[in-house]
Number of protein chains: 4
Amino acid sequence: MEVADKKVALFEAVIALIEDGVDINSLKVSDITNRAGIGKGTAYEYFRSKEEIIIQALFYDVGRRIEKIRRLLRQNMNTRDRIFTIFQWMETDARQKSSFTQLFQMATGSFEFSNSLKEKMDSQEGYCREINEILMAFVEAGVKEGVFRPELAPALQRTALVSQFMSFVLYFHQEEISESVSVEQMKEFLYGNIMKMLG
Amino acid sequence: MEVADKKVALFEAVIALIEDGVDINSLKVSDITNRAGIGKGTAYEYFRSKEEIIIQALFYDVGRRIEKIRRLLRQNMNTRDRIFTIFQWMETDARQKSSFTQLFQMATGSFEFSNSLKEKMDSQEGYCREINEILMAFVEAGVKEGVFRPELAPALQRTALVSQFMSFVLYFHQEEISESVSVEQMKEFLYGNIMKMLG
Amino acid sequence: MEVADKKVALFEAVIALIEDGVDINSLKVSDITNRAGIGKGTAYEYFRSKEEIIIQALFYDVGRRIEKIRRLLRQNMNTRDRIFTIFQWMETDARQKSSFTQLFQMATGSFEFSNSLKEKMDSQEGYCREINEILMAFVEAGVKEGVFRPELAPALQRTALVSQFMSFVLYFHQEEISESVSVEQMKEFLYGNIMKMLG
Amino acid sequence: MEVADKKVALFEAVIALIEDGVDINSLKVSDITNRAGIGKGTAYEYFRSKEEIIIQALFYDVGRRIEKIRRLLRQNMNTRDRIFTIFQWMETDARQKSSFTQLFQMATGSFEFSNSLKEKMDSQEGYCREINEILMAFVEAGVKEGVFRPELAPALQRTALVSQFMSFVLYFHQEEISESVSVEQMKEFLYGNIMKMLG
DNA sequence: CATGAATGAGGGTTCATTCAT
DNA sequence: CATGAATGAACCCTCATTCAT
């Protein structure tokens, strides 16, 4: 447990730094360990390289957040509530410079980080797959509930869903629109869009 | 003009390297100048730092592509044709690791590059505004044409539009779906979504 | 006694590692203590530094081996038998990467180990003196026995002796010759050389 | 040629440091470049690693010295003169902590330096072979001249020769003997030994 | 102007040593 | 006492930037 504690302390430090706006590519080991309140050398008792720390930190964070949304969605509710639950979750957990954004960038392929760690990047798909599973379950439940059209290919339904969730992320990054449209209005608009596309 | 030539040569080199899959954060000055076929020191005759080169290169590329889509959209056509024109443009110009993707990442905020250059990042909004203008003109034309509902706030119409364009980018990054759904099917699906949301 | 046991355990570990082919300059404290089966910190209860451990280990090993050859040579025998006894001893005790080789390298001066420990290096001459005593006693006995010429300065006689013993060490390091000449042939050749030089 | 100059400057710096008594294993890149009068980074324009610098420096030095002894031995002379020529050469070129000593230690196998460069160590045998060739030519010439017994296997003749040359090196490292026996006396003694063994 | 050789600041990593348990 | 987790000094190497030619 001690070991896990130290690892987690480093993870939290990485996440905190990212949320503070430090670019992932300019994170220094000393920054991380200082933030974690431990010595520079100590990090190497638990990880073999800086990259290992950062990547595992991202995975740790994303995993934690995915677990959370999973738990939230397990509660019985209808599709509308589920969609708003996801909006709520994104608002608190997947906003800004969080590791969710990092993940998204991984998905678009530009997060290379280092040539030697592409292998690890593949296991990242593990999380993509997890997210995908959540989305597919979401789609399935919507169909079962009778609010999503069953004849539409699930992959396309998922695409439509994701498009509105991405819009929600973008909303937070566009000062201009977030000033003229309230969060609640935006949620209703996006929800309406989903229903128009899939209903 | 000589000067502009050298600058452009450097820009093209940066763009070529990015399209070759080199991560933007691991671009080296020597790589860029070698690719541009000029001496390493020469780059510093025209730019004050590596970051200046790269950022201006991205802007150069994005600007050129925006100019292209502007020109394409100036041709008289209906909304459907305009949407497919944009799809077409994205397919050839904004695919992969292009500067469009980079721009998108700038938009989501994680492309910091360096703490000392945040100021330059702000001028990036210049391009965002340009893109925004294009989109707003697009919306306006759709309304004028009678295919987009006029009562919907333009900012929301734009959001809906962008969501489907983003989905198109994502489509190219998801092997799983790009294998089961053809590009044409996806275009039709996304077009349909736009019409459902805005029509 | 406990204390001595721990020290000896560390010495044996150092010697074992050297005989395993680990370079003396890349020995790590953790390697040594792991091999000795004790905790890393414990080593510092008995020694002030890594270098102290290693140097003392070498001395311990060399001292033990010298004691052995002393004992062997105390048995009454003639010069020829004594020479072959030394060959035999070298074959089993002073071969390979043993501390004898290390000692030899100390003698040729290149084993510095660290600038701060030159003082300790001087005490190393203690062992040189011991070896020297053995050799001088050897020479004296040879003269007394009447097989070594008495008119030759003992220091020179010793030089001649050592030259053939060194050749024996070298023999083990030259695959080319150790394949074409058997150990016994080599011993006879070197013995003959000694007699030619000193007889 | 410029390039070669820089390389040679680094080689000379390494050699000078070694002759100053700095241990080969504690040479720092900054020491070397400071001594060579160039910037630290510059070394990496010509070599890929510190080890490459040091190893090539040793080879450079040994090669140069071997070339010198070759040239000296090419002059027509009898065996006695050749032996004294080698003594002379050792006195000026192969004394002390020179790269010759380093080479000798490589030969006895304890110069590991680094695990990743064992391959290069094999090419070191190139020099061993060169030295061997010189010695074998020496033996052959002695036999042809009629001063070395032809019936003795060349490998054994070489062993005998080397034993006395090694004794000469040792002589310089033993204050005790170098104080009581003059260099010339030692040379005559060792020469006499060679003739007794091989004549 | 154009160059690329030279530079050195900066950062990742190792490992001897310490000290709280 | 014994331990091994924690530490940070030390060092190799990279690469953006400079400047003499």
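Each chain gets a letter, A, B and so on, in the order its sequence line appears, and its residues count up from 1. These numbers were taken from a predicted model, which means no experiment stands behind them.
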For the pair made of CD1 in Ile53(D) and P in dC13(F), what is the distance, rounded to whole Å?
8 Å
Check the phosphate of dT7(F) against Thr42(A), side-chain N and O only, distance under 4.0 Å to OP1 or OP2. Yes or no?
yes
Integer-rounded Å distance: dT3(F) P and Ile38(C) CD1
7 Å
Between atom CG in Asn25(A) and atom C1' in dG12(E), what is the gap in whole Å?
15 Å
Under a 4.0 Å N-O cut-off, is there an ion pair linking Asp31(B) with Arg35(B)?
no
Across every strand shown, the nucleotide meeting Watson-Crick or G-U wobble geometry with dC11(F) (both distances under 3.5 Å) is dG12(E)
Taking only the side-chain nitrogens and oxygens of Lys6(C), find out if one of them lies under 4.0 Å from OP1 or OP2 of dA2(F).
yes
Taking the minimum atom-to-atom distance to the side chain of Lys40(D), which one of dT18(F), dT17(E), dG8(E) wins?
dG8(E)
What's the spacing between Ile15(A) CD1 and Leu10(A) CG if we round to 0.5 Å?
10.5 Å
Examine dC13(F): is either OP1 or OP2 under 4.0 Å from a nitrogen or oxygen in the side chain of Tyr44(D)? Give yes or no.
yes
Do Lys28(C) and dT14(E) have a side chain to base donor-acceptor pair shorter than 3.5 Å?
no
Quick one: pull up CG in Leu17(C) and CG in Asp23(C) and give me the separation to the nearest 0.5 Å.
11.5 Å
So which nucleotide from dA2(E), dA5(E), dC1(F) ends up closest to the side chain of Tyr46(D)?
dA5(E)
Could you let me know what dA20(E) is paired to, Watson-Crick or G-U wobble, both distances under 3.5 Å, or none if it's on its own?
dT3(F)
Whole angstrom value for the distance that separates P of dG12(E) from CD of Glu52(A)
15 Å
Would you say the base of dT17(E) and the side-chain of Lys50(C) have a donor-acceptor pair closer than 3.5 Å?
no
Qualifying ring pair (Phe, Tyr, Trp, His ring centres under 6.0 Å) pairs with a residue from residues 14-50 of chain C, counting only residues at least two apart or across chains:
Phe11(C)-Phe47(C)
Separation of atom CD1 in Ile32(D) from atom P in dG8(E), rounded to whole Å
17 Å
Does Gly41(D) or Gly39(A) map to a spot on DNA chain F nearer the 5' end, using the closest nucleotide for each?
Gly39(A)
If you look at every strand shown and take non-hydrogen atoms under 4.0 Å, does Leu27(B) touch a base, only sugar-phosphate, or nothing?
sugar-phosphate
Atom CG of Asp31(C) and atom P of dT17(E) are separated, to the nearest Å, by 14 Å
Here the distance between atom P of dC15(F) and atom CD of Glu51(B), to the nearest Å, is 15 Å
Starting from the C-alpha separation in whole Å, work towards a yes-or-no answer on side-chain contact (heavy atoms from CB on, under 4.5 Å) for Asp61(A) and Val14(A).
CA-CA 10 Å; Asp61(A) 190 47; Val14(A) 169; over 6 Å; no
Starting from C1' on dG11(E), measure out to CD1 on Ile54(A) and report it in whole angstrom.
12 Å
